[in-house]
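Residues: numbered from 1 along the sequence shown.
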Amino acid sequence: MSVVRVLLADDQALLRATFRILIDSCEDMTVVGEASDGAEAVDLARAHHPDIVLMDIRMPGTDGLAATSAICADPDLAATRVLILTTFETEDYVAQALRAGASGFLGKDVTADTLLAGLRTVASGEALLSPGATRTLITRFLTSPAPGGRLAPPERLSDLTTREREVMSLAAEGKSNTEIAEDLTVSPLTVRTHIHRAMTKLGARDRAQLVVIAYQTGLVQADPTAP
């Protein structure tokens with residue numbers, strides 16, 4: 001059985017201890033290290049190459065967003081995904097976390113079962129975003145360049161097939177593989193194959209980044225009437 005290796009990054013020692021007990025109680029997961037700030041999280045990620053870093057945003061010194069950027073930009077950590085866990089579940093933080101390369105985002109008020117399910121979801125390569133957060137996030141943030149940045153050019157999609165673009169568009173609307181399969185009358189496995197081919201061609205780390213690219217290239221247009 002494959003075991004998901006998790007690195008904890010949070011400045012609250014009691015919370016890290018709680019997460020460790022919870023995660024280590026699962027046969028398919030284990031904690032490989034604990035960091036109390038962003039800089040330590042980056043160092044431990046490079047030392048242990050975890051499958052997932054469970055990352056708090058607000059930490060002293062180097063915060064979780066800067067640490068996420070450093071981890072996701074490191075080619076030696078290409079297989080490591082970051083799941084943001086924070087009490088500050090604002091749209092702006094969601095957008096910044098995704099731009100930094102995070103694969104998912106959860107509030108600290110989630111239940112134990114939801115947290116464990118979230119870790120498994122991100123470990124499988126899927127994105128972890130609530131439909132509501134995704135809708136407002138895309139409309140308000142991802143369709144605009146980050147400070148000092150710019151939107152991705154449409155030409156970035158030139159290598160995708162028509163079907164890959166279609167599947168990518170539906171994924172960007174927040175639909176699951178099963179829902180996409182029903183829309184296109186194909187199997188979920190076929191959808192998953194198209195998603196992974198699109199990710200490979202675009203150099204996307206995971207589904208979350210694929211969604212960002214879909215909106216930033218204009219493949220999917222945000223609804224200006226969304227709240």
Side-chain angles (χ1 to χ4, degrees), residues 51-52 68-84 91 94-105 118 120-226:
D51 298 303
I52 299 177
T68 297
S69 294
I71 290 170
C72 294
D74 190 333
D76 291 335
L77 297 175
T80 296
R81 296 182 173 88
V82 178
L83 174 58
I84 299 290
E91 292 155 357
V94 175
Q96 291 181 61
L98 286 179
R99 283 183 178 136
S103 298
F105 190 95
R120 294 185 178 103
T121 296
V122 172
S124 72
E126 300 296 323
L128 190 66
L129 289 169
S130 69
T134 301
R135 182 172 58 253
T136 54
L137 161 70
I138 293 300
T139 302
R140 297 183 183 182
F141 296 99
L142 294 185
T143 51
S144 300
R150 59 182 180 179
L151 297 176
E155 293 77 17
R156 188 172 180 184
L157 306 177
S158 60
D159 289 338
L160 299 186
T161 65
T162 299
R163 180 61 92 182
E164 287 165 356
R165 291 187 186 210
E166 191 172 18
V167 170
M168 183 175 170
S169 296
L170 292 171
E173 292 173 6
K175 294 190 175 184
S176 67
N177 285 359
T178 300
E179 291 170 333
I180 296 172
E182 291 174 353
D183 285 353
L184 301 181
T185 319
V186 297
S187 73
L189 179 59
T190 297
V191 172
R192 185 177 179 84
T193 298
H194 286 308
I195 290 287
H196 279 276
R197 284 177 179 169
M199 285 168 50
T200 299
K201 290 179 179 180
L202 295 171
R205 292 173 62 91
D206 50 39
R207 196 186 188 100
Q209 193 171 10
L210 198 66
V211 169
V212 173
I213 294 172
Y215 281 92
Q216 290 193 329
T217 55
L219 178 65
V220 176
Q221 297 294 324
D223 181 2
T225 65

> From Arg156 CZ over to Thr217 OG1, what is the distance, rounded to the nearest 0.5 angstrom?
Replying inline: 8.5 Å
> Do the side-chain N and O atoms of Ser187 and Thr190 include a donor-acceptor pair separated by under 3.5 angstrom?
Replying inline: yes
> Is any side-chain heavy atom of Asp51 closer than 4.5 Å to a side-chain heavy atom of Thr80?
Replying inline: no
>> Restricting to non-hydrogen atoms, name the atom on Ile84 and the atom on Ala102 that form the minimum distance, rounded to 0.1 Å.
In response: CG1-CB, 3.8 Å
>> Measuring from atom OG1 of Thr200 to atom CD1 of Ile195, what distance do you get when rounded to the nearest 0.5 angstrom?
In response: 11.0 Å
> At what distance, to the nearest 0.5 angstrom, does CG of Leu202 lie from CZ of Arg197?
Replying inline: 14.0 Å
>> Holding to side-chain contact (heavy atoms from CB on, under 4.5 Å), I want the full list of residues that pass it with Glu182, two or more places apart in sequence or in another chain.
In response: Thr178
> Are side-chain heavy atoms of Val82 and Ile52 found at a separation under 4.5 Å?
Replying inline: no
> Can you tell me how far CE of Met168 sits from CG of Leu157, rounded to the nearest 0.5 angstrom?
Replying inline: 5.5 Å
> Mind checking what makes salt bridge (Lys or Arg N to Asp or Glu O under 4.0 Å) contact with Asp159, not counting sequence neighbours?
Replying inline: none
> In chain order, what residues pass the side chain to side chain donor-acceptor pair (under 3.5 Å) check against Asp183, with sequence neighbours excluded?
Replying inline: Lys175
> For the atom pair OG (Ser69) and CG (Asp74), what is the distance rounded to the nearest 0.5 Å?
Replying inline: 12.5 Å
> Mind checking whether Ser103 and Leu83 have side chains closer than 4.5 Å, heavy atoms only?
Replying inline: no
> Are the side chain of Arg165 and the backbone of Leu219 linked by a donor-acceptor contact shorter than 3.5 Å?
Replying inline: no
> Ala171 and Ile180: which non-hydrogen atoms are nearest, and at how many Å?
Replying inline: N-CD1, 3.7 Å
>> Restricting to non-hydrogen atoms, name the atom on Cys72 and the atom on Gly101 that form the minimum distance, rounded to 0.1 Å.
In response: SG-O, 3.3 Å
> If you take all heavy atoms of Ala204 and Ile213, which pair is closest and at what distance?
Replying inline: CB-CD1, 4.2 Å
> Rounded to the nearest 0.5 Å, how far apart are CZ of Arg163 and CG of Leu184?
Replying inline: 4.5 Å
> So, Glu164 side chain and Thr161 main chain: donor-acceptor pair closer than 3.5 Å or not?
Replying inline: yes
